[in-house]
Every structure is written in C-alpha cells, then in structure tokens.
Trainee: 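Sharing a structure here in structure tokens format.
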Amino acid sequence: MKEHITVFDIEVLNQDPASICSIGIVELVDQHIVSTYYSLIKPKNLSFDPCRYKIHKIRPQALYKEKNFKQVWHEIQHYFKDCIVVSHDIQGDMMNLRAALYQEHIPYPHLYMSCTNVLAHLIYPDIQKYNIKELSNMIGYSFQAHQAMGDALACAHVLVAMINKQGVDTLQQLHQHFHLEFGEMKENYYRNIISPESAHQLLDMVAREDALLYHQSVCFAGKLSMPKEVLAQKAKEVSALPMHSVSTQTNYLVIGDEGYGRVRFGKENKKVLKALKLMRQGQDLRIIKEMEFLKLLEEKK
C-alpha cells in the first residue's frame, strides 16, 4: 500500500495565530514528490509586524488581491485528509492552521502528524543545531530559507534522507523503530506529537506500549505529596514523558491534592492558565489530581 505524506510550511503575517499569509505544500508518495502547491494568502488581520517581516519579507500590501484562507483551503483540503502531514515545526504550524480553521468555522480534517525536528533529534542525537537550514546543509541540499515553498521542499528532502539513513521503507516504519507515536487531529480533537526537547528520552526509555500513559507528556504543578523528580521517574517507568512546562505537547497537567481547588480554579498558576487556553483550542489535555495520576500509572490501554 502506498504511503501518502503531505509536507508543508506556512508563514504568518503577525502575532495573530490565524494570520497565515503563505503556504507551501509538497506531496510525497512512497518518498517521491508527485505534486507541489504554493499560494500567498490574505488573512483577516492585515496588521504589519516588523519582526515577522524580517523573516518572510511579506508586507500586508502584497496580500490585498490574494485569495483568503477559506478559498485556499478549498484548493488544498485534499492534502490534509486521511494522511500523514509533516513539517519541521508541526506543533507551531498546526497551531496556526487550527486557528485559521477555527476562524472560518471549518471542521478539523482527520490526519496524523509527524515532525522532522523530532525525528532529527532521534536520528542525529549528537549534532548541535536542528533547524531546517542546518539539516539541509548536512544532506547537501540548498534552498531559500523562510519562504514557505522552499522550506516545505527542504523539509521533504530532509525527511526522505532520514528514512533512507535509518534503512526503513516508510515513515510509519521509522516511527515504529523509535516507538514514536504520531500526533492526531480530527473533528473536535487534537493530540500533538512529542516535542523535540522530549525526543531524547525515547532513546533511553524501555518501551511500555501497553501502558495507558505511553508517550503521554506530563507536567506537574501545585504542592505535591512527593518531589517532582520522584513523580517524573515514575512517569518514565511507564514510558510517559515528564515536562517542565505546559506546551502544545502536554497531555496531562498533574496538580497536588492539597490545595487542588485553589490552584485549579484560581487565576495565578501560569501552568493552569496555559493548559486551559490550550484546552479551549481543542488540545487533548487533562488537568488531574496527583492521586488520579498515581492510579493512571498502573493502568493499561
């Protein structure tokens, strides 16, 4: 069965996460490029951001006559349906894509997610820099950085190079080799792939694929009954991934039983506030008590 992969990159015009102003797409079938797509996009928020402009050199004035996101999505939605989508910053790119879909009241398509940044941390654990420019240079591919089509093509070439280096035939096999779960998105549901910073934990981890918390990212907050280091070690023993902060990769935020209500429903704990914001955006994230977490450590899928 052929493996269909959509590699993409987007640029955003300003700090509004829905302000996608360009997208580049590369369609791979069995690691061969079969089609590409590129378009500028006119977002609803056309405010100028000098920091973003320094990166992509796209001004609001250049977008006035371009198609809006809804029109572009009509042209590209088939690339994001029932397939694996990949980018070098899948967490950030999907956050922007979800924001644009939400703004236009478009349901999430069903897809699975991988990330060349995460994979590079597993395949090249000893290199210093993991940006797409450095990885491209390493495999001998040159391109124009911070241009959506150029970045998408570079990401596709890096992905294929990593699959070949590991001696597997498909991206699915590459994930299986590292016991790495794909992220998943579907209507009213979003679960991210692990973060690049957590990837190194997989190299030393005993795989517990039967554990309920397998590859679930866990963060701790509030007054806990035992040191966070002890809880983090317990998490690792069932192949969970302890994190220092809440992010788009977090699956569970664990709060100490003592003072749970104050921390969970107050407005001071930054981790809780970040988790609630991500939950409103559709992320598969739960806020639980420490006692519930300890019970989950024993449960199996």
Side-chain angles (χ1 to χ4, degrees), residues 6-26 36-73 75-76 79-80 85-104 113-121 124 127-159 183 192-193 195-197 245 247-249 274 277-278 281:
T6 294
V7 183
F8 77 106
D9 182 75
I10 59 178
E11 300 292 345
V12 291
L13 189 63
N14 49 57
Q15 296 301 313
D16 180 352
S19 66
I20 299 175
C21 60
S22 69
I23 186 167
I25 296 173
V26 179
T36 61
Y37 176 95
Y38 175 75
S39 180
L40 291 171
I41 301 173
K42 179 185 177 182
K44 290 186 177 181
N45 184 344
L46 281 167
S47 61
F48 177 71
D49 184 328
C51 294
R52 294 285 184 178
Y53 175 74
K54 287 180 181 178
I55 296 172
H56 52 57
K57 306 299 182 185
I58 299 174
R59 291 185 178 275
Q61 297 92 317
L63 303 173
Y64 289 161
K65 296 183 180 180
E66 300 295 335
K67 291 172 283 191
N68 61 36
F69 177 80
K70 197 169 188 177
Q71 292 169 320
V72 170
W73 181 251
E75 297 176 354
I76 66 174
Y79 287 113
F80 294 87
V85 300
V86 180
S87 81
H88 196 63
D89 177 20
I90 196 69
Q91 294 85 2
D93 289 337
M94 290 303 297
M95 177 188 72
N96 295 125
L97 184 62
R98 285 159 50 215
L101 290 169
Y102 180 81
Q103 187 179 71
E104 296 293 347
M113 294 171 282
S114 184
C115 178
T116 47
N117 196 354
V118 172
L119 292 169
H121 275 74
Y124 309 110
I127 64 175
Q128 298 299 313
K129 296 180 180 180
Y130 289 92
N131 62 66
I132 195 65
K133 187 71 172 180
E134 295 292 335
L135 291 170
S136 296
N137 289 339
M138 191 169 65
I139 66 169
Y141 179 79
S142 59
F143 72 107
Q144 179 186 346
H146 304 306
Q147 193 274 344
M149 191 69 251
D151 285 358
L153 282 166
C155 185
H157 283 281
V158 167
L159 176 64
N192 227 326
I193 190 173
S195 68
E197 294 74 23
S245 59
S247 72
T248 54
Q249 293 82 40
K274 180 69 178 291
K277 179 180 178 181
L278 293 170
Q281 294 173 351

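In this chain, numbering begins with 1 at the start of the sequence shown.
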Trainee: Looking at Tyr37, I want to see if its OH is surrounded by more than 12 non-hydrogen atoms of other residues, nucleotides or ligands under 6.0 Å.
Mentor: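 Yes - once you tally the heavy atoms of other residues, nucleotides and ligands closer than 6.0 Å, there are more than 12.
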
Trainee: I'd like to know whether the aromatic ring centres of Phe80 and Phe8 sit less than 6.0 Å apart in this structure.
Mentor: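 Between Phe80 and Phe8, the centre distance is under 6.0 Å.
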
Trainee: Can you see which heavy atom on Ser247 is nearest to which on Leu278, and at what distance?
Mentor: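 Taking every non-hydrogen atom into account, O-CD1, 3.2 Å.
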
Trainee: When the side chains of residues 138-146 are checked against the rest of the protein, which donor-acceptor pairs come out under 3.5 Å, sequence neighbours left out?
Mentor:
none

Trainee: Determine whether Leu13 and Leu63 make a side-chain contact, defined as any pair of heavy atoms from C-beta on separated by less than 4.5 Å.
Mentor: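 They are in side-chain contact.
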
Trainee: Heavy atoms, side chains only, cut-off 4.5 Å: are Pro17 and Val12 in contact?
Mentor: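 No - every pair of side-chain heavy atoms lies 4.5 Å or more apart.
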
Trainee: If the test is side chain to side chain contact (heavy atoms under 4.5 Å, CB included), which one of Ile193, Asn117, Leu97 qualifies with Ile90?
Mentor: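 With Ile90 as partner, side chain to side chain contact (heavy atoms under 4.5 Å, CB included) holds for just one option, Ile193.
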
Trainee: I'd like to check the side-chain hydrogen bond (donor to acceptor under 3.5 Å, both in side chains) partners of Ser47; sequence neighbours left out, ordered by chain and number.
Mentor: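 If we apply the side-chain hydrogen bond (donor to acceptor under 3.5 Å, both in side chains) test to Ser47, skipping adjacent residues, the hits are Asn14, Asn45.
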
Trainee: For a quick test of reading the model, state the closest non-hydrogen atom pair linking Val118 to Ser195 and the distance between them.
Mentor: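 So the minimum-distance heavy-atom pair works out to CG2-C, 3.9 Å.
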
Trainee: Residues two or more places apart in sequence or in another chain: which of them pass ring-ring contact (aromatic ring centres under 6.0 Å, His included) with His56?
Mentor: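 In terms of ring-ring contact (aromatic ring centres under 6.0 Å, His included), with neighbours along the sequence ignored, His56 is linked to no residue.
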
Trainee: What's the spacing between His88 NE2 and Cys115 SG if we round to 0.5 Å?
Mentor: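 Reported to 0.5 Å precision, the distance equals 6.5 Å.
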
Trainee: Would you indicate whether the side-chain heavy atoms of Ile23 and Ile41 approach each other to under 4.5 Å?
Mentor: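 Yes - at least one pair of side-chain heavy atoms lies under 4.5 Å apart.
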
Trainee: Rounded to the nearest 0.5 Å, what separates atom CG in Leu119 from atom CG in Leu135?
Mentor: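 Answer rounded to 0.5 Å: 10.5 Å.
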
Trainee: Over all heavy atoms of both residues, which pair between Cys21 and Ile58 is shortest? Give the atoms and the distance, please.
Mentor: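 Smallest heavy-atom distance, with atoms named: SG-CD1, 3.8 Å.
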
Trainee: Find the distance between OG1 (Thr116) and CG (Leu159) and round it off to the nearest 0.5 Å.
Mentor: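 The OG1 atom of Thr116 sits 7.0 Å away from the CG atom of Leu159.
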
Trainee: Got a sec, which residues hit side-chain hydrogen bond (donor to acceptor under 3.5 Å, both in side chains) with Tyr79, two or more places apart in sequence or on another chain?
Mentor: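 Counting only residues at least two positions away or on another chain, Tyr79 forms a side-chain hydrogen bond (donor to acceptor under 3.5 Å, both in side chains) with Ser35.
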
Trainee: Tell me, please, which residues at least two apart from His157 pass side-chain hydrogen bond (donor to acceptor under 3.5 Å, both in side chains).
Mentor: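 Not a single residue meets the side-chain hydrogen bond (donor to acceptor under 3.5 Å, both in side chains) criterion with His157.
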
Trainee: Any chance you could measure Ile25, atom CD1, to Ser87, atom OG, to the nearest 0.5 Å?
Mentor: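 It is 11.5 Å, given to the nearest 0.5 Å.
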
Trainee: Applying ring-ring contact (aromatic ring centres under 6.0 Å, His included), name anything that partners Phe48, two or more places apart in sequence or on another chain.
Mentor: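 Applying ring-ring contact (aromatic ring centres under 6.0 Å, His included) to Phe48 gives Tyr53.
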
Trainee: List the residues meeting side-chain hydrogen bond (donor to acceptor under 3.5 Å, both in side chains) with Asn192, not counting sequence neighbours, and say none if there are none.
Mentor: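 Per chain and number, Asn192 pairs via side-chain hydrogen bond (donor to acceptor under 3.5 Å, both in side chains) with Tyr190.
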
Trainee: Taking only residues two or more places apart in sequence, or in another chain, which ones meet Ala148 in a side chain to side chain contact (heavy atoms under 4.5 Å, CB included)?
Mentor: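 Applying side chain to side chain contact (heavy atoms under 4.5 Å, CB included) to Ala148 gives Asp9, Glu11, Ser22, Tyr38.
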
Trainee: Let's go through Val158 and Ile132 carefully: what are the C-alpha distance in whole Å and the side-chain angles of both, what is the deciding distance for side chain to side chain contact (heavy atoms under 4.5 Å, CB included) to 0.1 Å, and is it a yes or a no?
Mentor: CA-CA 8 Å; Val158 167; Ile132 195 65; 3.9 Å; yes

Trainee: Can you list the steps and then say if Gln61 with Leu46 is a side chain to side chain contact (heavy atoms under 4.5 Å, CB included)?
Mentor: CA-CA 9 Å; Gln61 297 92 317; Leu46 281 167; over 6 Å; no

Trainee: Would you give the length of the straight line joining atom CG of Asp89 to atom CE of Met95, rounded to the nearest 0.5 angstrom?
Mentor: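 Those atoms lie 8.5 Å apart.
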
Trainee: Can you tell me how far the OH atom of Tyr130 sits from the NE2 atom of His121, to the nearest 0.5 Å?
Mentor: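 Spacing of OH (Tyr130) from NE2 (His121) equals 5.0 Å.
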
Trainee: Which residue pairs satisfy the salt bridge (Lys or Arg N to Asp or Glu O under 4.0 Å) criterion with at least one member in residues 43-69, sequence neighbours excluded?
Mentor: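 Qualifying pairs: Lys44-Glu104, Lys67-Glu75.
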
Trainee: Can you give me the closest heavy-atom contact between Gln91 and Pro196, atom names plus distance?
Mentor: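 Residues Gln91 and Pro196, closest heavy atoms: NE2-CD, 4.1 Å.
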
Trainee: Pairs in or reaching into residues 128-153: which pass salt bridge (Lys or Arg N to Asp or Glu O under 4.0 Å), with residues at least two apart or in two chains?
Mentor: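 Qualifying pairs, neighbours excluded: none.
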
